[in-house]
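Working notes for the structure below.
Below, read A as the first sequence line, B as the second, and so on, with proteins coming before strands; counting in each chain starts at 1.
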2 protein chains.
Amino acid sequence: MGNQKLYKGSLQTIILKLLETNDKMYGYEITQKVKELTKGELKITEGALYPALHKLEADGLLDVEVAKVGNRLRKYYKLTESGSKETANKLAEMQEFLKTMQHLVNPKFSLE
Amino acid sequence: MGNQKLYKGSLQTIILKLLETNDKMYGYEITQKVKELTKGELKITEGALYPALHKLEADGLLDVEVAKVGNRLRKYYKLTESGSKETANKLAEMQEFLKTMQHLVNPKFSLE
DNA sequence: TCTTATACATTAGATTCTTATGTATATATT
DNA sequence: AATATATACATAAGAATCTAATGTATAAGA
């Protein structure tokens, strides 16, 4: 860690990608999944996650479905049709960004 | 473009890397070099660049040397010793970030 | 002459995050 | 039984980093 600030701007894309892969997820599950996939390198905070989910929902990219598990509340999010398209766009932009940065910081081992 | 916001947080690293490669550069030159290297994908604005350079200098990572070319002013920046070390750190963090993001958004084509 | 390029700089406002705080239930530990 | 940790949601203040706009001034090109 220590490079958390590099992730600034990529949270929406991460959420959308996870929902594309896993069909439906709830907030807490997303934080745990990201921690697991990044081996603890990236920890999504609630202060970042929940506003992001609310914004994606407000923008019509996600649908929400409330479920009760035991006595506890869960909000399952899934991609809308529009959300699936936007996910493809954002993933393409991310790939381009990663390629460009790779090239910038290390021209020798550029990906192409 | 359209993915400009993904670059948020990486400007310092980009500047340091350029100065590692090119020994000394002035602000305007940096904006042009980045535009060239990224084929126009990333355009560094003055409002981002100059405050960033001033901060790196204030933090002791850069030395500045004013030059007069014709009747025009140029401020050449170069890495201090401390700046060289920090560049190595930031580049390592960047590589880790890029690897992690690559893994997150496209596990199939992970870099390792 | 007028536009574009070069070269510096600051400021208002937007976005996106971290840190702190709050509420509540469930499980594990002592 | 008491306490700590995990699960699960949420908001709000403040920090950091950027974009877009504006400003000053010289040089070069049409």
Side-chain angles (χ1 to χ4, degrees), chain A residues 1-16 24-36 38 40-59 62 64-77 90 93-94 97 101, chain B residues 1-16 24-36 38 40-59 62 64-77 90 93-94 97 101:
Chain A
M1 285 145 281
N3 58 346
Q4 289 281 104
K5 81 172 158 182
L6 291 175
Y7 290 93
K8 198 167 281 230
S10 55
L11 180 56
Q12 279 196 12
T13 305
I14 292 172
I15 293 172
L16 292 174
K24 80 179 190 184
M25 299 182 83
Y26 56 99
Y28 185 77
E29 186 184 12
I30 292 176
T31 66
Q32 300 308 301
K33 194 68 178 177
V34 168
K35 207 193 293 178
E36 175 201 328
T38 65
E41 203 200 332
L42 176 56
K43 282 166 187 161
I44 307 231
T45 60
E46 300 102 316
L49 178 69
Y50 291 114
L53 287 172
H54 299 163
K55 182 172 194 316
L56 289 170
E57 189 195 350
D59 290 348
L62 300 185
V64 65
E65 181 197 328
V66 180
K68 224 177 170 187
V69 178
N71 228 326
R72 208 108 95 305
L73 188 77
R74 275 185 194 170
K75 289 194 176 176
Y76 280 98
Y77 290 91
K90 286 212 187 292
E93 282 177 3
M94 178 60 77
F97 162 71
M101 277 306 309
Chain B
M1 283 146 282
N3 58 346
Q4 288 280 105
K5 80 172 160 181
L6 291 175
Y7 290 92
K8 200 167 277 232
S10 54
L11 180 56
Q12 279 197 10
T13 305
I14 292 172
I15 293 171
L16 293 174
K24 82 179 187 183
M25 300 181 83
Y26 56 98
Y28 185 75
E29 186 184 12
I30 292 176
T31 65
Q32 300 308 301
K33 194 69 179 176
V34 168
K35 207 194 290 179
E36 176 202 328
T38 65
E41 203 201 333
L42 177 56
K43 282 166 186 161
I44 307 232
T45 62
E46 301 101 316
L49 178 69
Y50 293 114
L53 287 172
H54 300 162
K55 184 175 193 315
L56 288 170
E57 189 196 351
D59 290 348
L62 300 185
V64 65
E65 180 197 330
V66 180
K68 225 178 169 185
V69 178
N71 229 326
R72 206 104 101 304
L73 188 77
R74 274 185 196 169
K75 289 194 175 175
Y76 280 96
Y77 291 92
K90 286 212 188 292
E93 283 178 3
M94 178 59 77
F97 162 72
M101 276 307 307

Proximal nucleotide (of dA8(D), dA9(C), dA5(C)) relative to the Y77(B) side chain: dA9(C)

A52(B) to I15(B) - nearest heavy-atom pair and separation: CB-CD1, 4.0 Å

Gap between atom CG of L16(A) and atom CG of L56(A) - 0.5 Å precision: 5.5 Å

Proximity to the side chain of H54(B) - top-ranked nucleotide from dT10(C), dT17(D), dC8(C): dT10(C)

Out of dC8(C), dT10(C), dT7(D), whichever nucleotide has its closest atom nearest the side chain of K75(B): dC8(C)

Shortest non-hydrogen contact from P51(A) toward E46(A): CD-O, 3.6 Å

Integer-rounded Å distance: dT10(C) C1' and K55(B) NZ: 18 Å

Minimum heavy-atom distance between F97(A) and F97(B), given as atom pair plus value: CE2-CE2, 3.9 Å

Heavy-atom closest pair, residues T38(A) and L42(A): OG1-N, 3.1 Å

Distance in angstrom units between M25(A) CE and dA8(D) P, rounded: 12 Å

Gap between atoms CG and P, on L6(A) and dA16(D) respectively (whole Å): 16 Å

Interatomic distance where CD1 belongs to I30(B) and C1' belongs to dC8(C) [whole Å]: 13 Å

Identify all pairs in which a protein N or O lies below 3.5 Å from an N or O of nucleotides 18-24 of chain D, and state each distance.
| residue | atom | partner | partner atom | Å |
| --- | --- | --- | --- | --- |
| dC18(D) | OP1 | G9(B) | N | 3.1 |
| dT19(D) | OP1 | Q4(B) | NE2 | 3.4 |
| dT19(D) | OP2 | T45(B) | OG1 | 2.8 |

With Y26(A) via ring pair (Phe, Tyr, Trp, His ring centres under 6.0 Å) - residues at least two apart: Y76(A)

Nearest-Å distance for atom pair NZ/P, residues K68(A) and dT25(C): 10 Å

Every protein N/O lying under 3.5 Å from an N/O of nucleotides 26-29 of chain C:
| residue | atom | partner | partner atom | Å |
| --- | --- | --- | --- | --- |
| dA26(C) | OP1 | N71(A) | N | 3.3 |

Spacing of CD belonging to Q12(A) relative to NZ belonging to K90(A), to within rounding of 0.5 Å: 5.0 Å

Minimum heavy-atom distance I44(B)-T31(B), with the two atoms named: O-CG2, 3.8 Å

N/O (side chain, Y26(A)) to phosphate O (OP1/OP2, dA8(D)) under 4.0 Å: yes

Phosphate OP1/OP2 of dC8(C) contacted by Y50(B) side-chain N/O (<4.0 Å): yes

Nearest atoms (heavy-atom pairs only) where E29(A) meets K24(A): OE1-O, 4.2 Å

Separation of atom CD in Q32(B) from atom P in dT4(C), rounded to whole Å: 16 Å

Whole-Å distance separating the CG atom of D59(B) from the C1' atom of dA16(D): 13 Å

Nearest-angstrom distance from the residue atom NZ of K5(B) to C1' of dA16(D): 16 Å

